[in-house]
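Letters A, B, ... are given to chains in the order of the sequence lines, protein chains preceding strands, and every chain is numbered from 1.
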Protein chains: 2
Amino acid sequence: MPEQPLTSRGAATYQRILDAATEEFAQHGIAGARVERIVTAARTNKAQLYAYFGDKERLFDAIFLSSLERITNVVPIDADDLADWAVRLYDEYLRRPDLIRLATWTRLERRPAGHLVETHQHYDDRKLTAIAEAQAAGRIRGGDPFDIMALVIAMSMAWSPVSNVYAASSQEPDDVHSRRRDLLRECVRRATVPTDQDQPDR
Amino acid sequence: MPEQPLTSRGAATYQRILDAATEEFAQHGIAGARVERIVTAARTNKAQLYAYFGDKERLFDAIFLSSLERITNVVPIDADDLADWAVRLYDEYLRRPDLIRLATWTRLERRPAGHLVETHQHYDDRKLTAIAEAQAAGRIRGGDPFDIMALVIAMSMAWSPVSNVYAASSQEPDDVHSRRRDLLRECVRRATVPTDQDQPDR
DNA sequence: TCCTACAAACAGACTGTTCGGTCTGTTGCA
DNA sequence: TGCAACAGACCGAACAGTCTGTTTGTAGGA
């Protein structure tokens, strides 16, 4: 039975728990996260954590959903320039490696197949509509909008913190990043530009 | 102090442990895997597991390295047809979702940045040489061979069991898979085909 | 072909520790 | 002065890893 904090001091603690939990879960996953470490980092105690969030699983739910919101809002799609969108995603992964790690922990620990979240429509709808419109206007290639979205996101993650090849980090020199950005931009552009078969709206 | 099994019965047990551990680690990761479940699935006991592999971490090392070998050998690169290589990777993820999951657990639990394995050269060298040769012959676009490899692999993983968007599975109908294969093949081809600036060996 | 001896493989009880979650009492703000 | 927030001791379950005793396959001798 989670309860909301009732005072402003409580609200501040609530937020510190969220922040600390985001970092802890991003680093260690659900099974690996330690409640003890979270309350220490949040400068609070277990009683508060359990009063506000119920248990470890529901605490994860709370931080995961707000992380999803963030990544969707901070990097909105531009269906007329998917290449630029991919590059902005590349930069966001550098800025907040924890968010993409959280998503991947969810995939591995909770949802081995299918959509990552039950409410995927809530997150995908705007992107899919945008892609479909750009297709109708002949500005990007045909094909299932969902598949195109998945592919462009996958390309943006080539050097992400969950890459199976190489995980980039903000410590690397700038020119390495711009080299990757250039390649990414150019390849997404070429992959998504309309083909001969793609007729503008007839 | 791990010891090799000395009899053929022991060798069979050793192999059953490897198989059971591969599945257990792929499903639950290092922190989430249970030694008890592994020995039960392998129809053996803890004493054997610890005698052969030392501890949980070294057991993971053992199964992870053999999984890496498998994925490298079963789907060899064809630098002259990266699009087809990507499609073969797509199919391999469907066939053995556990291998790609193991790689991702390693990324999350062990290697948050940089290369996934210390001995990455051992696994990458052939691919990088193949790409460099294809570039020199003007059959694929220019750019850092390593980055191109990372990007093509990322594209092949758009619907993999570790996708942050949608994880495909072999249960889905064939036509869904062929639609994805077609899009993947076409987009990789377009992304990697030589540009105007790419001159064949002069 | 049987018997015996031995070492490897086996089974699972046991131990010490770690961890999620609860409970009891204390502090501090309004 | 009363209640929310706090601190951390405490509890029981779960777990990695060890230990003790049992079974099984095999090699060698008669």
Side-chain angles (χ1 to χ4, degrees), chain A residues 1-64 102 105-106 108-110, chain B residues 1-64 102 105-106 108-110:
Chain A
M1 351 264 91
E3 298 158 23
Q4 294 292 93
L6 297 178
T7 69
S8 67
R9 187 164 58 129
T13 301
Y14 186 93
Q15 189 56 52
R16 285 201 311 280
I17 294 175
L18 280 179
D19 293 342
T22 302
E23 192 174 332
E24 176 73 12
F25 280 122
Q27 226 171 99
H28 304 283
I30 305 175
R34 293 292 162 255
V35 173
E36 190 62 49
R37 280 199 295 255
I38 295 176
V39 298
T40 304
R43 299 192 313 280
T44 182
N45 57 85
K46 291 188 176 186
Q48 252 46 47
L49 186 149
Y50 283 97
Y52 294 152
F53 296 99
D55 61 18
K56 200 184 177 186
E57 293 280 327
R58 274 180 287 179
L59 174 58
F60 182 82
D61 292 340
I63 63 117
F64 177 58
L102 281 174
W105 286 116
T106 301
L108 289 177
E109 300 194 88
R110 288 194 162 174
Chain B
M1 354 267 91
E3 299 158 24
Q4 293 292 96
L6 297 177
T7 68
S8 66
R9 185 166 59 129
T13 301
Y14 185 93
Q15 189 56 51
R16 284 201 312 279
I17 294 176
L18 280 179
D19 293 342
T22 302
E23 190 173 334
E24 176 74 12
F25 280 121
Q27 225 171 101
H28 304 283
I30 305 174
R34 294 293 163 254
V35 173
E36 189 62 48
R37 280 199 295 254
I38 294 175
V39 299
T40 304
R43 299 194 311 283
T44 181
N45 57 85
K46 290 189 176 187
Q48 251 47 47
L49 186 150
Y50 283 97
Y52 294 153
F53 296 99
D55 62 19
K56 201 183 175 187
E57 293 281 327
R58 274 179 288 179
L59 175 57
F60 182 82
D61 292 340
I63 62 117
F64 177 58
L102 282 174
W105 285 116
T106 302
L108 289 176
E109 299 194 270
R110 289 194 161 173

Peer 1: Between C:dA9, D:dA5, C:dA11, which nucleotide gets closest to the side-chain atoms of A:Gln48?
Peer 2: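 So the nucleotide nearest the side chain must be D:dA5.
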Peer 1: Measuring from the side chain of A:Thr44 (C-beta onward, heavy atoms only), which nucleotide among D:dA16, C:dG21, D:dC6 has the closest atom?
Peer 2: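 The answer is D:dC6, which lies nearest to the side chain.
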Peer 1: What orientation do B:Phe25 and B:Phe60 show, parallel under 30°, tilted 30 to 60°, or perpendicular over 60°?
Peer 2: perpendicular
Peer 1: Would you mind telling me which of C:dA9, C:dG20, D:dC6 lies closest to the side-chain atoms of B:Thr13?
Peer 2: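 Shortest atom-to-atom distance from the side chain points to C:dA9.
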Peer 1: What is the minimum heavy-atom distance between A:Gln48 and A:Thr13, and which atoms define it?
Peer 2: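 Result for this residue pair: CG-CG2, 4.4 Å.
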Peer 1: Would you tell me if any nitrogen or oxygen in the side chain of A:Arg34 comes within less than 4.0 Å of OP1 or OP2 on C:dT18?
Peer 2: no
Peer 1: Between A:Arg34 and A:Glu24, which heavy-atom pair has the shortest distance, and what is it?
Peer 2: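 Taking every non-hydrogen atom into account, N-OE2, 3.0 Å.
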Peer 1: Please name the pair of heavy atoms, one in B:Ala21 and one in B:Ile63, separated by the smallest distance, quoted to 0.1 Å.
Peer 2: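 Between these two residues, the closest heavy atoms are CB-CG2, 3.9 Å.
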Peer 1: Please name the pair of heavy atoms, one in B:Leu49 and one in B:Ile38, separated by the smallest distance, quoted to 0.1 Å.
Peer 2: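 Result for this residue pair: CD1-CG2, 3.9 Å.
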Peer 1: Using a 4.0 Å heavy-atom cut-off to protein, can you give one letter per nucleotide of nucleotides 22-30 of chain C, 5' to 3': B if the base is in contact, S if only the sugar-phosphate is, - if neither?
Peer 2: BB-------
Peer 1: Heavy atoms from C-beta onward define the side chain here; which of C:dA11, D:dC6, D:dA16 lies closest to that of B:Val35?
Peer 2: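 For B:Val35, the side-chain atoms sit closest to D:dA16.
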Peer 1: Could you pull out all residues at least two apart from B:Asp55 that satisfy salt bridge (charged side-chain N to carboxylate O under 4.0 Å, His left out)?
Peer 2: B:Arg58
